[in-house]
Amino acid sequence: MPDHRPILFFDSGVGGLSVVAPTLALIPDAPVVYAADSAGFPYGTRTEAEIAARVPALLGRLVERYRPRLVVIACNTASTIALPAVRAALDLPVVGTVPAIKPAAAMSATRVIGVLGTEATVRQPYVDDLATRFAGDCIVLRHGSAALVEMAEETLAGVPPSLDRIGTELAGLFSQPQGERIDVIVNACTHFPLLEGDMAAVAPTGVRFVDGGPGIARRIASLTQGQDWPATSPPGRLVFTRLGERERQIAAGLARRGFPVAEAL
Ligand code: DGL
């Protein structure tokens, strides 16, 4: 029996696309609802209290409306702050996004890792905990960037990113003590893999990037293993919490990526 229940991906903006892509590579028939909290964007400059109050309530409304089989919080900021509260509030599986410090530690030869996230994510105790547990013998340097989040959004709206500005943001890691030894950068914000080609172009030779997308996709595939999917995959649905001019420009970019329909929550 075809099961039409979608997977609901949630982010403040377009970053969650870096999680949708590897998921659809594993489960091409999955119906997808992509929800962007454009009214709350950006999350990275908000307080913990604001995010903790906003995200579980919003996901409750989205689940009521779209009846998904699984929710993916495709946002490091929301996950590192609100994942336990969301899980407690919803009666269905919830997959979160956490900084890929463990795979980065496995890849690093120099034992110096850079964690690039939002300002809110890089200050979370959760990140300290991951560094202690999985990268105990590494120096873990962090930098929070709101500019990269903006640039990723602009790219989707058709504005190419400035390599100079990307270089300035990466310097936030490389200019720290021991920063010149970084050989792996964790993209600890789901927006950043959307700029990875440009970041790689300006980063020192040999620096590699890693993010949580592929691991989350494997987790989603494992949680939905054995479930039925629709016979033909329906077009993705895009939902914004505010649908204004900026969102319409982004929606036009997303129409070319499998999301022809945009609606407001
Ligand atoms: N994409 C989000 C993350 O992974 C947050 C971006 C923002 O709204 O600041 O952290």
Side-chain angles (χ1 to χ4, degrees), residues 8-23 34-56 58-59 62 71-83 85-86 94-101 103-104 114-127 130 142-157 161 165-166 169 172-173 185-196 199 209-217 219-220 238-242 244 246-247 250 253-254 257:
L8 175 73
F9 290 82
F10 174 81
D11 182 31
S12 58
V14 299
L17 293 174
S18 69
V19 182
V20 172
T23 304
Y34 187 92
D37 182 11
S38 46
F41 175 87
Y43 279 2
T45 50
R46 288 186 178 275
T47 64
E48 282 73 359
E50 284 175 303
I51 291 164
R54 186 170 185 91
V55 172
L58 201 45
L59 276 167
L62 286 162
V71 167
V72 184
I73 306 184
C75 173
N76 291 262
T77 312
S79 298
T80 54
I81 294 170
L83 184 58
V86 171
V94 180
V95 177
T97 308
V98 295
I101 291 176
V115 176
L116 199 56
T118 64
E119 289 144 294
T121 294
V122 298
R123 67 173 180 251
Q124 293 311 310
Y126 194 93
V127 178
L130 289 173
R142 306 166 192 202
H143 179 64
S145 170
L148 287 172
V149 175
E150 277 297 341
M151 274 187 266
E153 294 274 315
E154 283 170 6
T155 304
L156 265 290
R165 279 176 72 201
I166 290 178
E169 291 308 311
L173 282 175
I185 292 180
V186 179
N187 274 329
C189 169
T190 52
H191 279 74
F192 299 170
L194 304 175
L195 298 171
E196 194 171 303
M199 291 200 281
F209 293 84
V210 63
D211 67 85
I216 299 164
R219 178 79 187 131
I220 296 166
L238 185 60
V239 50
F240 290 102
T241 53
R242 177 184 55 213
R246 175 182 165 277
E247 289 75 26
I250 291 170
L254 289 178
R257 293 183 175 226

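Starting from 1, each residue takes its place in the sequence as its number. Ligands are counted one by one from 1 in listed order, and the atoms in each one are counted from 1 as well.
The local environment of CZ in R219 is sparse, with at most 12 non-hydrogen atoms from other residues, nucleotides or ligands closer than 6.0 Å.
Using a 4.0 Å heavy-atom criterion, the residues that approach ligand 1 are D11, S12, F41, P42, Y43, G44, C75, N76, T77, T118, V149, C189, T190, H191.
Annotation: side chain of L156 is in contact with side chain of R257 (closest heavy-atom distance under 4.5 Å). With contacts defined as side-chain heavy-atom distances shorter than 4.5 Å, the pair P99/N76 qualifies.
The two residues Y34 and V14 make their nearest non-hydrogen contact at OH-C, 3.2 Å. When all heavy atoms are compared, the tightest approach of V95 to I216 is CG1-CG2, 3.7 Å.
Ring orientation note: the planes of H191 and F41 are tilted relative to one another, at an angle of 30° to 60°.
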